[in-house]
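Just below is one structure, and these are the notes that go with it.
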Number of protein chains: 2
Amino acid sequence: MWQLHQFPLCPFSRKVRLLMAEKNIAYELVRTLPWEQGEELCRLNHAGRTPVLADSGRNLALADSRAICEYLEETVERNPMLSGSSAARAEIRRLIALFDEGFFNDVTGPLLNEKMKKRLFFRQPPDSRMLREAMKAAHEHLYYLDWLVDTRNWLAGPMLSLADLTAAAQISVADYLGGIDWTGHEQSRTWYAVMKSRPSFRPLLAEKMEGIQPPAHYALVDA
Amino acid sequence: MWQLHQFPLCPFSRKVRLLMAEKNIAYELVRTLPWEQGEELCRLNHAGRTPVLADSGRNLALADSRAICEYLEETVERNPMLSGSSAARAEIRRLIALFDEGFFNDVTGPLLNEKMKKRLFFRQPPDSRMLREAMKAAHEHLYYLDWLVDTRNWLAGPMLSLADLTAAAQISVADYLGGIDWTGHEQSRTWYAVMKSRPSFRPLLAEKMEGIQPPAHYALVDA
């Protein structure tokens with residue numbers, strides 16, 4: 001059985017969890033807090049980051065969320081999330097990078113740092129200037145998301161893909177941390193409500209990170 | 001004909017150039033400086049980053065270096081650089097992430113910021129504390145590289161792969177900027193000398209970024 005080393009607000013682990021649920025792959029969760037269990041995590045993944053997908057029976061430990069997702073796509077045919085022509089797959093991968101790097105660096109990463117790491121690890125208050133900048137950056141990203149939703153069925157084209165799962169995973173963490181204001185982003189809000197209503201998404205919405213409460217709308221599928 | 005939008009010290013563009021040379025794919029270079037031509041670049045790639053690999057004849061513009069490399073691997077069979085079992089491919093991709101994210105964030109990115117962007121764009125001197133930290137981080141990464149070289153033929157296993165090209169691309173930019181001290185890293189130095197001697201590497205070593213001189217050893221294959 002696969003074991004996924006992660007913590008509830010890791011957006012990269014959420015992406016892997018969404019993909020595994022969509023593909024109906026069984027796994028169990030192992031809670032790993034990189035800022036507390038760094039050394040232990042480094043034994044599984046030299047980079048010291050979550051997620052790690054391990055199968056001790058097969059002596060296999062996969063690290064890096066994109067490497068893990070590519071592996072799952074290659075080895076489990078059910079519900080492909082990286083399909084189509086090579087150009088279509090390049091477009092899916094471009095959007096994965098845009099959300100895993102751009103959105104994470106501008107929005108999810110700063111929010112996690114200010115509202116989770118500072119609170120749980122450093123016992124410090126968040127820097128309100130950083131929070132404002134992250135929320136402003138979120139608006140810029142949501143404008144682009146609006147445009148994608150306006151011009152395509154799903155983010156990367158006609159089919160639900162790993163691009164949708166990646167974007168929804170990042171946004172869900174930002175939303176949990178109070179960083180998403182949907183005002184003026186009806187297209188994105190509608191797309192995200194559809195994502196939230198998928199069975200693969202439900203376990204994520206029900207989970208809490210100790211000491212950090214999400215806003216009331218977070219787990220509501222129609223909000 | 002492919003056009004690669006890049007600048008000489010972009011480590012992600014260097015990775016794509018190495019892959020295209022190894023696979024013998026013809027392309028022409030288009031010089032694009034993201035900090036000067038941001039708007040123009042954003043029309044090709046919403047993220048505003050290099051590299052972009054475009055073919056105007058086919059109305060195709062691929063962005064994100066990993067998406068571009070996966071596309072080239074899927075469409076050009078010659079000299080595969082992402083081959084083997086799914087687990088072997090996951091290991092190649094893990095190392096690509098380790099160098100494109102870890103090494104870049106700790107070493108190449110800060111060096112580019114301090115020694116290139118501040119000089120060419122902001123007309124400011126580099127922050128010597130940041131440079132020392134980047135060089136210290138480089139040592140930590142080289143220790144891991146030493147271990148990889150000690151235990152495998154190539155970084156990800158028995159075959160030359162995109163992991164070697166990625167690591168060499170990042171290191172070559174850090175080396176150009178004077179950030180690599182090989183003392184105590186004989187294994188890494190030997191591996192890098194082999195990489196430098198490949199025909200695919202020669203054009204990179206001959207190129208200069210205006211206003212920034214590399215150290216004397218940079219372009220020497222046996223140094």
Side-chain angles (χ1 to χ4, degrees), chain A residues 12 42 44-49 51-55 58-77 82-106 109 140-141 143-145 147-148 155-156 162-163, chain B residues 12 42 44-49 51-55 58-77 82-106 109 140-141 143-145 147-148 155-156 162-163:
Chain A
F12 307 103
C42 281
L44 282 168
N45 174 17
H46 174 76
R49 294 177 63 178
V52 175
L53 186 63
D55 185 339
R58 285 189 286 166
N59 196 23
L60 196 59
L62 308 173
D64 176 66
S65 70
R66 279 189 254 182
I68 294 171
C69 291
E70 296 274 354
Y71 177 92
L72 295 172
E73 275 295 302
E74 289 178 8
T75 54
V76 181
E77 281 183 27
L82 197 53
S83 61
S85 67
S86 290
R89 291 156 64 86
E91 176 63 0
I92 295 170
R93 292 188 179 110
R94 176 184 76 82
L95 291 172
I96 291 169
L98 189 68
F99 284 92
D100 272 353
E101 295 174 19
F103 192 92
F104 178 79
N105 288 340
D106 298 340
E140 293 303 317
H141 283 283
Y143 282 122
Y144 188 64
L145 189 59
W147 178 82
L148 290 173
L155 297 196
L162 197 50
Chain B
F12 308 103
C42 281
L44 281 169
N45 173 17
H46 175 76
R49 293 177 63 178
V52 175
L53 185 63
D55 185 339
R58 285 189 286 167
N59 197 22
L60 196 59
L62 308 173
D64 176 66
S65 71
R66 280 190 252 182
I68 293 170
C69 291
E70 296 274 355
Y71 177 91
L72 295 173
E73 275 295 302
E74 289 178 7
T75 54
V76 181
E77 282 182 27
L82 197 54
S83 61
S85 68
S86 290
R89 291 156 64 85
E91 175 64 1
I92 296 170
R93 291 188 179 107
R94 176 184 76 82
L95 291 172
I96 292 169
L98 189 67
F99 284 92
D100 272 352
E101 295 174 17
F103 192 91
F104 178 79
N105 288 340
D106 298 340
E140 292 303 317
H141 284 284
Y143 283 122
Y144 188 63
L145 188 59
W147 177 80
L148 290 173
L155 298 194
L162 197 51

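Residue numbers start from 1 in every chain, and the chains themselves are labelled A, B, ... in the order their sequence lines are given, proteins ahead of strands.
Under the ring-ring contact (aromatic ring centres under 6.0 Å, His included) criterion, B/Tyr144 pairs with A/His46, B/Trp147, sequence neighbours left out.
With rounding to the nearest 0.5 Å, the separation of CD in B/Glu70 from CD in A/Glu70 is 4.5 Å.
Across all their heavy atoms, B/Ala67 and A/Arg93 have their closest contact at CB-CB, 3.6 Å. Here the closest heavy-atom approach between residue A/Ala87 and residue B/Tyr71 is recorded as N-CE1, 3.7 Å. When all heavy atoms of B/Arg66 and A/Asp64 are compared, the pair lying nearest together is NH1-OD2, 3.9 Å.
Neither the backbone nor the side chain of B/Arg58 comes within contact range of chain A; no heavy atom of the residue lies under 4.5 Å from a heavy atom of that chain. Proximity to chain A (any heavy atom under 4.5 Å) is shown, for B/Glu91, by neither the backbone nor the side chain. When heavy atoms are compared at a cutoff of 4.5 Å, A/Arg89 approaches chain B solely by way of its side chain, counted from C-beta outward.
Heavy-atom pairs under 4.5 Å with chain B were tallied for A/Ala63, A/Ser65, A/Gly102; the largest tally goes to A/Ala63.
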